[in-house]
Q: 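This structure is in structure tokens; I'll ask about it shortly.
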Amino acid sequence: MLKIYNTLARDKQDFQPIEPNKVRMYVCGMTVYDYCHLGHARVMVVFDMVYRWLKASGYDVTYVRNITDIDDKIIKRAAENGESIHALTQRFITAMHEDADALGVQRPDHEPRATQYVPQMLEMIAQLESNGLAYKAADGDVNYAVRKFPGYGKLSGKSLEDLRAGERVDVTENKNDPLDFVLWKHAIEQEADEVKWDSPWGKGRPGWHIECSAMGSKLLGKHFDIHGGGADLQFPHHENEIAQSEGAHQCQFVNYWMHNGFVRVDEEKMSKSLGNFFTIREVLKKYDAEVVRFFILRAHYRSPLNYSDAHLDDAKGALTRLYTALKSNPPQPSLVREGDGSSPDGPTSHSTRLSKDDSQVAGYDKGRPGGVAVDWNEPHARRFKTAMDDDFNTPEALAVLFDLANETNRSQSTETAVQLRALGRVLGLLQRDPQQFLQGGAGKGGLNDAAIAAQIEARIAAKKAKNFAEADHIRKELLEAGVVLEDSAAGTTWRRA
RNA sequence: GGCGCGAUAGCAAAGCGGUUAUGCACCGGAUUGCAAAUCCGAUGAGCCCAGUUCGACUCUGGGUCGCGCCUCCA
């Protein structure tokens, strides 16, 4: 039985889908005015892992991750660049897809953009108005009347009184209550037509929170299973989403709220405003994308994750161990059987679907064979499942992979190697040819494969002639170029350090 | 000020009221021409103070420190 930590309950709860066998899940995605940083990478990878595990568990999952393509920062950036909103957002949506693909993140089933759902937002605002929860302010904005919604604060555990006491709340004479938030922002003369929509309340554009309520209910229904996002969205964004959705529809909005922890730099939250962020593409110049994915999955999704080169190096070393165990057991196309119906438990099997979805991945595991289905009766797989069912405990699940690697090394058994790869696949890991991973240094050292092969030949000749000084010299040179040689009975192989 | 989260070996990071987490690093051994990889073994832990218990890293209370949200933020 899958347990999920539900922010709403502040506790782990048994996961019970609304509709048997089906899961409807919404995750707050990116505001596209710049490149994604590692914090964004974490949301994408974490919920990709959740998506994969739900599917591997046999659920039919509908996954929505929105794109915010209209907002103050976007307008500002477009103006700075002398670029249209559309050109700017399109550019960064493309970049985001490149980054996500690189990290082995499967595309969500829907990726709605705010600008495509303005009519649905207007509809919702009208509903809120008729329910007495929204009002038009003097400045032309339409605001949500927070005091009129009894459940306000239930997600974040804040009371209106506590919030009031805080000194950081914006005081505006246009709001009935300082905590009220904007549903519809009135248009400003000098703004481009591109950011203005007609509405019953005059020209304007949507506030930030309304898009998720509108798109969520449109694509997943008024009541769905899982809603996720970064921990910083818990308040006010998600709290406001609840107020809007439940206020408009008069029914429960979401059953399970999931929030992932932050990526930190020097024990501090990585964020744009602090300026201490690293973009995904920046990091990918230095580290293999799968190493970055492994690094993220190595910590529990709710824990803080400290970023540093040392930690990435460490992750690389760990992943190298797993791939080394698979070295003598590369993917075997003859063993590939798509969707034989196995799933850890759960209602029905959908593993054919899993295979299909994998083929969409454009990143490092693109073009890989679909892989072998997991034997869920095998002890390691059971441990893996127990870990994943316990609020997606990926560190524990990965520990199982290392045990499997150890057994593979010890026994040279094909079965354990196959199982290792199959379980790795559930996490979106270990699907490459081990040689490709081990030899694929990120442009380090100037040596190409042919030059390395030539050096190895020369060393073999030297060894044959018992000229060990020369053989060692060659090896040392290669090592200085970042290439490690490994002699075995079968011959000499190499990898990049 | 209000609310919340965390503190585990050199580093990273989990589970667990009593029995090896795991990875990297380090030490000893096997293997190797020497290495690397691999295997075997050893070392090494639970912020502080109380309490509950036959027994606590694990539960309870207090303290200390760190982080986050309360403003845009994944």
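To find a chain, count down the sequence lines: A is the first, B the second, and so on, and within it residues start at 1.
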Q: Counting only heavy atoms from other residues, nucleotides and ligands, does the tally under 6.0 Å from CD of A:E415 exceed 12?
A: no
Q: Between A:D390 and A:T386, is a side chain to side chain contact (heavy atoms under 4.5 Å, CB included) present by the stated rule, with each step listed?
A: CA-CA 6 Å; A:D390 183 14; A:T386 302; 5.8 Å; no
Q: Mind checking the C1' distance from B:U52 to B:G18? Whole angstroms is fine.
A: 16 Å
Q: Out of curiosity, A:Y35 OH to A:D99 CG, how far, rounded to the nearest 0.5 Å?
A: 9.0 Å
Q: When the P atoms of B:C40 and B:C24 are compared, how many Å lie between them, rounded to an integer?
A: 13 Å
Q: Report the base-pairing partner of B:U20 (Watson-Crick or G-U wobble, both distances below 3.5 angstrom), or none.
A: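 Its partner: none found.
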Q: By nearest heavy atom, map A:S159 and A:D266 onto RNA chain B; which one lands nearer the 5' end?
A: A:S159
Q: Rounded to whole Å, how long is the line connecting atom CG of A:D34 with atom C1' of B:C72?
A: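 Between C1' of B:C72 and CG of A:D34: 14 Å.
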Q: Does A:N393 reach a base, just sugar-phosphate, or nothing at all? Heavy atoms under 4.0 Å.
A: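 Result for A:N393 = sugar-phosphate.
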Q: Taking only the side-chain nitrogens and oxygens of A:R495, find out if one of them lies under 4.0 Å from OP1 or OP2 of B:A36.
A: no
Q: A:Q234 CD to B:G4 C1': how many Å, rounded?
A: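 For the pair A:Q234 CD and B:G4 C1', the rounded distance is 8 Å.
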Q: Please check if the number of heavy atoms outside A:D266 that lie under 6.0 Å from its CG is greater than 12.
A: no
Q: Categorize A:G229 for me: base, sugar-phosphate, or nothing, with a 4.0 angstrom heavy-atom threshold over every strand shown.
A: sugar-phosphate
Q: Using both distances under 3.5 Å as the test, list the Watson-Crick or G-U wobble partner of B:U31, or none.
A: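 Paired with no nucleotide.
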Q: Say we look at B:G68 and B:A36: how far apart would their P atoms be, to the nearest angstrom?
A: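 B:G68 and B:A36 have their P atoms separated by 42 Å.
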Q: OP1, OP2 of B:A14 versus side-chain N and O of A:S303: anything below 4.0 Å?
A: yes
Q: For a quick check of understanding: with a heavy-atom distance under 4.0 Å over all strands, which category does A:T324 fall into, base, sugar-phosphate or nothing?
A: sugar-phosphate
Q: Please confirm whether the shortest side-chain N or O distance from A:N409 to OP1 or OP2 of B:C39 is below 4.0 Å.
A: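 Indeed, a polar side-chain atom of A:N409 lies that close.
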Q: With a 4.0 Å cut-off on heavy atoms, is A:V263 in touch with a base, just the backbone sugar-phosphate, or nothing at all?
A: base
Q: Tell me the interatomic distance from A:F262, atom CZ, to B:A74, atom P, rounded to whole angstroms.
A: 10 Å
Q: Could you let me know what B:U52 is paired to, Watson-Crick or G-U wobble, both distances under 3.5 Å, or none if it's on its own?
A: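 B:U52 is unpaired by these criteria.
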Q: State whether A:D288 and A:K316 are salt-bridged, where the test is any N-O pair (Lys NZ or Arg NE/NH1/NH2 against Asp/Glu carboxylate O) under 4.0 Å.
A: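 Looking at A:D288 and A:K316, the cut-off is not met.
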Q: Please report, rounded to the nearest Å, how far the C1' atom of B:C72 is from the CG atom of A:N240.
A: 13 Å
Q: Categorize A:L233 for me: base, sugar-phosphate, or nothing, with a 4.0 angstrom heavy-atom threshold over every strand shown.
A: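 Sugar-phosphate: the residue A:L233, judged by heavy atoms under 4.0 Å, touches backbone atoms but no base.
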Q: Mind checking the P distance from B:C70 to B:C57? Whole angstroms is fine.
A: 38 Å
Q: Hey, does A:R475 reach any base, or is it just sugar-phosphate, or nothing, if we go heavy atoms under 4.0 Å?
A: base
Q: Could you tell me how far B:C59 sits from B:G46 if I compare only their C1' atoms? Round to whole Å.
A: 15 Å
Q: Look at all strands and tell whether A:N260 reaches a base, only sugar-phosphate, or nothing, counting heavy atoms closer than 4.0 Å.
A: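 Base contact - A:N260 has a heavy atom under 4.0 Å of at least one base atom.
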Q: Please report, rounded to the nearest Å, how far the P atom of B:C34 is from the CG atom of A:L478.
A: 20 Å
Q: Is the backbone of A:T324 close enough, under 3.5 Å, to the side chain of A:R495 for a donor and an acceptor to pair up by distance?
A: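 No.
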Q: Using a cut-off of strictly less than 4.0 Å, decide whether A:N306 has a side-chain nitrogen or oxygen near OP1 or OP2 of B:C67.
A: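 Indeed not, no polar side-chain atom of A:N306 lies that close.
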Q: Heavy atoms only, 4.0 Å cut-off, all strands: where does A:R383 land among base, sugar-phosphate and nothing?
A: nothing
Q: Please report, rounded to the nearest Å, how far the P atom of B:G6 is from the CD atom of A:E267.
A: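 Whole-Å distance recorded here is 16 Å.
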Q: Is A:F468 stacked on the base of B:G33, with ring centres under 5.5 Å apart and planes under 30° apart?
A: yes
Q: Expressed in whole Å, how much space separates the P atoms belonging to B:C69 and B:G63?
A: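 Between the two P atoms, the distance is 24 Å.
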Q: Does A:K272 make a cation-pi contact with A:Y33, if we ask for NZ or CZ under 6.0 Å from the ring centre and within 45° of the axis?
A: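 Positive - A:K272 is close enough to the ring of A:Y33 and near enough to its axis.
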Q: Remember a base hit wins even if backbone is also touched, and classify A:A399 as base, sugar-phosphate or nothing at under 4.0 Å, heavy atoms.
A: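 The answer is base, as A:A399 lies within the cut-off (heavy atoms under 4.0 Å) of a base atom.
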Q: Is the number of heavy atoms from other residues, nucleotides or ligands under 6.0 Å of A:K148 NZ greater than 12?
A: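 No.
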Q: Between B:C5 and B:G23, how far is it from one C1' atom to the other, in whole Å?
A: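 Comparing C1' positions in B:C5 and B:G23 gives a spacing of 25 Å.
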Q: Which part of the nucleic acid, if any, lies within contact of A:D314, taking any heavy atom under 4.0 Å across all strands shown: a base, the sugar-phosphate backbone alone, or nothing?
A: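 Since a base atom lies under 4.0 Å of A:D314, the category is base.
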Q: When the C1' atoms of B:C49 and B:C11 are considered, how many whole Å apart are they?
A: 28 Å
Q: Rounded to the nearest angstrom, tell me the gap between atom OH in A:Y5 and atom P in B:G4.
A: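 Roughly 11 Å, once rounded to whole Å.
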Q: Starting at the 5' end of RNA chain B and moving along, which residue's nearest nucleotide shows up first, A:L485 or A:R10?
A: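 Its nearest nucleotide being more 5', the pick is A:R10.
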Q: Could you tell me whether A:H237 contacts a base, only the sugar-phosphate backbone, or nothing, with contacts defined as non-hydrogen atoms closer than 4.0 Å?
A: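 Result for A:H237 = nothing.
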Q: Does A:R321 have a side-chain nitrogen or oxygen under 4.0 Å from the phosphate oxygens OP1 or OP2 of B:U38?
A: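 For B:U38, OP1/OP2 do have a side-chain N/O of A:R321 under 4.0 Å.
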Q: Send over the distance from A:H238 NE2 to B:C70 C1', rounded to a whole Å.
A: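 Answer to the nearest Å: 16 Å.
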Q: Categorize A:G29 for me: base, sugar-phosphate, or nothing, with a 4.0 angstrom heavy-atom threshold over every strand shown.
A: sugar-phosphate
Q: What does A:D403 touch in the nucleic acid at a heavy-atom separation under 4.0 angstrom: a base, only the sugar-phosphate, or nothing?
A: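 Answer is sugar-phosphate: A:D403 comes under 4.0 Å of backbone atoms only.
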Q: With both distances kept under 3.5 Å, what pairs with B:A7, Watson-Crick or G-U wobble?
A: B:U64
Q: Could you go through A:Y256 and A:Y5, starting from their C-alpha distance and side-chain angles, then the distance that decides it, and tell me whether this counts as ring-ring contact (aromatic ring centres under 6.0 Å, His included)?
A: CA-CA 8 Å; A:Y256 302 88; A:Y5 183 90; over 10 Å; no
Q: Would you say a side-chain N or O of A:K76 is under 4.0 Å from OP1 or OP2 of B:C72?
A: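 No, outside the criterion.
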Q: Checking all strands, does A:K466 fall into the base, sugar-phosphate, or nothing category for heavy-atom contacts under 4.0 angstrom?
A: nothing
Q: Determine which nucleotide pairs with B:G46, using a 3.5 Å limit on both distances of a Watson-Crick or G-U wobble pair.
A: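 Partner of B:G46: none found under 3.5 Å.
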